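Residues take their numbers from the sequence shown, with the count starting at 1. On a predicted model such as this, the values are computed, not experimentally measured, just so you know.
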Amino acid sequence: MSTLLKLLVAAGLIALIASKVDLGLAANEVGRAGLLACLFVIAANLLQFVVLGWRWHMILVASGINIGFRAACRIVLVGTFFNQCLPTSLGGDAVRILALRQTNIPLKEATNSVLVDRLSGIAALVLLLLGGLPWLFAWAPATPMFFGACLVTAIFIAVLTVYFLGDRILALFPFLARFNATRVVSEASAYARRIAFGGPSSLTILALALLVALSTVGIVAGLAAILNAPLTLFQAVVLIPPIIAATMLPLSFGGWGTREVAMVAGLGIAGVAPATALAMSFLLGILLLISSLPGGFLWLIGRDQYGREKARTTGMPPA
């Protein structure tokens, strides 16, 4: 999807919300949140970046790539900044790959480490989605929110299946073996399984991915408490993962518009007023952008050395 089309989708979705929600009330809710709410979200986002850096660092180590934890966190922060500023989150992933390439890591290893990191987050989200679907069905059967959650869960499961079992699937079609793309996909799938299931760090990586997703749930629940919105922590655990999943789909610019529609629809199930839900969505988006600004600063002052520690590849551990 082109950048212009994503901008149009985002603008269209925001216009749709604006036509159905009192923007004046939403603005009042944003103002009512106050400085404390802003500091809470920014601090939580910064801690989340540390966990993201820790997760990716563990994947790098399991891959045989020696790079310091602080360097991994810096690169993740820079990537997050570009995720917020570019039309797609793949822009931030590309920045991370380029950062590893500048420390002499081969392109294949750098790309695979970023893909596995991204897919570990999707795997954790799928677990939360699957756990929440029965409750979502009980609360809001035959609604767009429920069907949307089912659809995005199915999409993510398909992505994980194709990626982790790509080589096994391609083996069923021997005539594809002559294509270079087949070899690339097969190597990537074998790599992903080796990281995901081949060592003691795999459970820790999944636990960190769950922690990242649950921290976003906690941020939304915290904002709801500050704004006196009727959202319990359990309701947040069920309702927020589909909203996170919606923003990950490459439909709009930086998730804007998609997040607002999903937030109003999802939190409405818990009885949160549309204006309050919209205010929470705007706060999340704006404060995430503010939280990522240090990544832009790091990029500006050290574009040629994201991590001063020189990384090197020691090779993948035996399968």
Side-chain angles (χ1 to χ4, degrees), residues 9-10 12-14 16-17 20-21 26 29 41 44 48 89 118-162 206-252 254-285 288:
V9 170
L13 291 173
I14 292 174
L16 174 65
I17 286 293
K20 297 180 178 297
V21 179
E29 290 290 282
V41 175
Q48 193 177 75
S89 60
R118 170 71 64 174
L119 291 170
S120 69
I122 292 177
L125 193 56
V126 165
L127 291 178
L128 294 178
L129 287 167
L130 290 173
L133 280 178
W135 298 99
L136 189 57
F137 177 74
W139 297 342
T143 61
M145 184 68 181
F146 174 72
F147 290 127
C150 291
L151 177 61
V152 77
T153 302
I155 291 172
F156 284 169
I157 289 176
V159 168
L160 291 172
T161 300
V162 170
L206 180 59
L208 291 173
L210 281 168
L211 181 59
V212 170
L214 289 173
S215 67
T216 302
V217 171
I219 290 172
V220 175
L223 278 176
I226 292 172
L227 294 174
N228 296 318
L231 180 70
T232 67
L233 182 58
F234 180 71
Q235 287 173 327
V237 171
V238 173
L239 297 174
I240 300 305
I243 297 171
I244 299 173
T247 63
M248 293 175 66
L249 297 175
L251 300 176
S252 65
W256 287 97
T258 308
R259 179 181 55 244
E260 282 66 45
V261 170
M263 190 77 80
V264 171
L267 297 190
I269 294 172
V272 178
T276 303
L278 183 59
M280 292 167 62
S281 183
F282 279 150
L283 283 168
L284 282 174
L288 178 58

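Counting heavy atoms from C-beta outward, Met263 and Leu278 have side chains that stay 4.5 Å or more apart. Residues Ile243 and Met145 form a side-chain contact, since some pair of their non-hydrogen atoms from C-beta on lies under 4.5 Å apart. Side-chain contact check for Val272 versus Val264: every heavy-atom pair is 4.5 Å or farther apart.
Minimum interatomic distance between Ala246 and Thr258 (heavy atoms only, all atoms of both residues): O-CG2, 3.2 Å. For the residue pair Phe147 and Ala142, the shortest heavy atom distance occurs at CE1-CA, 3.5 Å. Residues Ile244 and Ala213 approach most closely at CD1-O, 4.1 Å, considering heavy atoms. Across all their heavy atoms, Ala140 and Ile269 have their closest contact at CB-CD1, 3.7 Å. Shortest non-hydrogen contact noted between Leu239 and Gly266 is CD1-O, 3.5 Å. Summarising the geometry of Leu231 relative to Ala221, their closest heavy-atom pair is CD2-CA, 4.5 Å, with the distance given to 0.1 Å.
Between atom CZ of residue Arg118 and atom CE of residue Met248 there is a gap of 5.5 Å, rounded to the nearest 0.5 Å. One distance of note links CG of Leu267 with OG of Ser281; it measures 9.0 Å at 0.5 Å rounding.
Every residue two or more places apart in sequence or in another chain that forms a ring-ring contact (aromatic ring centres under 6.0 Å, His included) with Phe137 is listed here: Phe146.
Among residue pairs with one or both ends in residues 259-280, none qualify as ring pair (Phe, Tyr, Trp, His ring centres under 6.0 Å); sequence neighbours excluded. The side chain to side chain donor-acceptor pair (under 3.5 Å) contacts involving residues 228-243 comprise Thr232-Gln235, where partners must be two or more places apart or lie in separate chains. Sorted pairs that involve residues 141-159 and meet side chain to side chain donor-acceptor pair (under 3.5 Å), not counting sequence neighbours, are lacking altogether. For residues 208-223, the pairs satisfying side chain to side chain donor-acceptor pair (under 3.5 Å) are Gln48-Ser215, Gln48-Thr216, with sequence neighbours left out.
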For residues 119-131, run the donor-acceptor check on the side chains, cut-off 3.5 Å, and write out each pair with its distance to 0.1 Å, sequence neighbours left out.
unit_1: Ser120; atom_1: OG; unit_2: Arg55; atom_2: NE; d: 3.3
unit_1: Ser120; atom_1: OG; unit_2: Asp117; atom_2: O; d: 2.6

Original post:
What's the verdict on side-chain contact (heavy atoms from CB on, under 4.5 Å) for Val238 and Trp139, showing C-alpha distance, side-chain angles and the deciding distance?
Top reply: CA-CA 10 Å; Val238 173; Trp139 297 342; 3.6 Å; yes

